[in-house]
Novice: 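Mind having a look at this structure? Questions to follow.
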Amino acid sequence: MAVSSVRILGTGQLLDLQRRLRAAGGEHIRSSMQRRIRRAGEPLRDDLKNTVSSLPIRSAGRASGKRGGPSPTTRPMRATIAAAIRISVRTAGNPGARVWVDLARLPRDLRTMPGVLNDGGRGGTPGRIRHPVFANRRRWATQTTTPLWWDKTVRTHTPRMTAEVNRILDDVRRQLE
């Protein structure tokens, strides 16, 4: 599963309800349904943010006699990724709730990092981050982290979210009858 997005869909049911809502002129019902679906996805978004923020990233450490120092950037990587996790709800077109990492909100040099942290990125090893030391492409460092953080968190929340969306759809159906 890609880090980029997760969708909870009941597309056929949502499209049918959307048509019935338009015919009934139920704008307040539609906005209520949209708000409730968003609330169903918020615990997943919040848990994803907490998970990436507290993701342990370990290093083998420096060998004795090696130089080191503070990071050349003041930007905290995990907090930056957590801030880019978004949620959106659509009730028209392709309806459903979507939780994703908004790559436009990430600095250019971190846009591949959510995938790297989750599954190693393009053909990489899950849980392994390789990067040049202070932009020196002749010296590389390897750090490790807990792989599949996105997938595991989504898998935990999917049954609850699916049940909640189904309950919301049943409530809206009852209101339209």
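Starting from 1, each residue takes its place in the sequence as its number. Worth saying up front: this structure is predicted, and the values here are computed from it rather than measured. All values below were derived from every heavy atom in this structure, side-chain atoms included, with hydrogens, water molecules and symmetry-related copies excluded.
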Novice: Under 3.5 Å, side chain of Arg86 to main-chain N/O of Arg45, donor-acceptor pair present?
Specialist: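 The answer is no, because no donor-acceptor pair under 3.5 Å joins these two groups.
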Novice: Could you grab the distance from atom CD1 of Ile57 to atom OG1 of Thr144, nearest 0.5 Å is fine?
Specialist: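 Answer for the CD1-OG1 pair, Ile57 versus Thr144, is 9.0 Å.
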Novice: Hydrogens and angles aside, do Arg130 and Thr142 bring a side-chain donor and acceptor to less than 3.5 Å of each other?
Specialist: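 Short answer, yes.
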Novice: Between Met33 and Leu169, what is the shortest heavy-atom contact and its length?
Specialist: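 Nearest heavy atoms, Met33 then Leu169: SD-CD2, 4.2 Å.
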Novice: Determine yes or no for a side-chain-to-main-chain donor-acceptor pair under 3.5 angstrom, with Arg98 supplying the side chain and Ser88 the backbone.
Specialist: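 Absent.
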Novice: Any chain of hydrophobic side-chain contacts (each under 4.5 Å) joining Leu48 to Leu148?
Specialist: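 Hydrophobic grouping puts Leu48 apart from Leu148.
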Novice: Taking the side chain as C-beta and beyond, is there a heavy-atom pair between Ser32 and Gln175 under 4.5 Å?
Specialist: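 Side chain of Ser32 against side chain of Gln175, heavy atoms only: no contact under 4.5 Å found.
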Novice: List the atom of Ile87, the atom of Gly41, and the distance in Å for their closest heavy-atom pair.
Specialist: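 Minimum heavy-atom contact is CD1-C, 3.4 Å.
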Novice: Show the nearest heavy-atom pair for residues Pro43 and His157, with the distance to one decimal.
Specialist: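 Heavy-atom minimum between the residues: O-CE1, 3.8 Å.
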Novice: Is there a side-chain contact between Leu117 and Ile81 in this structure, where contact means two heavy atoms from C-beta onward sitting under 4.5 Å apart?
Specialist: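 Yes, close enough: below the 4.5 Å cut-off.
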Novice: Are Asp171 and Arg174 close enough, and set up right, to give a salt bridge (Lys or Arg N to Asp or Glu O under 4.0 Å), and what steps lead you there?
Specialist: CA-CA 5 Å; Asp171 290 348; Arg174 275 195 296 280; 2.3 Å; yes
Novice: What closest approach, in Å, do Leu106 and Arg111 show between heavy atoms, and which atom pair accounts for it?
Specialist: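 Heavy-atom minimum between the residues: O-NE, 3.2 Å.
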Novice: For the OG1 atom of Thr153 and the CG atom of Asn50, what is their distance to the nearest 0.5 Å?
Specialist: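 Here the rounded value is 9.5 Å.
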Novice: Would you say Asn118's side chain and Trp149's backbone share a donor-acceptor pair under 3.5 angstrom?
Specialist: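 Here the side-chain-to-backbone pair exists.
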Novice: Rounded at 0.5 Å granularity, tell me how far CE in Met161 sits from CD1 in Ile37.
Specialist: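 Between atom CE of Met161 and atom CD1 of Ile37 there are 9.5 Å.
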Novice: Test salt bridge (Lys or Arg N to Asp or Glu O under 4.0 Å) on Glu164 and Arg167 and set out the steps.
Specialist: CA-CA 5 Å; Glu164 181 69 18; Arg167 189 170 64 77; 2.7 Å; yes
Novice: Let me confirm one number: the CE-OG distance from Met77 to Ser53, rounded to the nearest 0.5 Å.
Specialist: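 Rounded to the nearest 0.5 Å, the CE-OG separation comes to 10.5 Å.
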Novice: Just how far is it from atom NZ of Lys49 to atom CD of Glu42, taken to the nearest 0.5 Å?
Specialist: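 Output value for this atom pair is 10.0 Å.
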Novice: State, to 0.1 Å, how close Arg58 and Thr146 come at their nearest heavy-atom pair, and which atoms those are.
Specialist: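 That would be NH2-N, 4.4 Å.
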Novice: Keeping the roles fixed (side chain from Thr145, backbone from Pro56), state whether a donor-acceptor pair exists under 3.5 Å.
Specialist: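 Yes, because the side chain of Thr145 sits within donor-acceptor range (under 3.5 Å) of the backbone of Pro56.
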Novice: To the nearest 0.5 Å, what is the distance between CZ on Arg35 and CD1 on Ile168?
Specialist: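 Here the interatomic distance stands at 10.5 Å.
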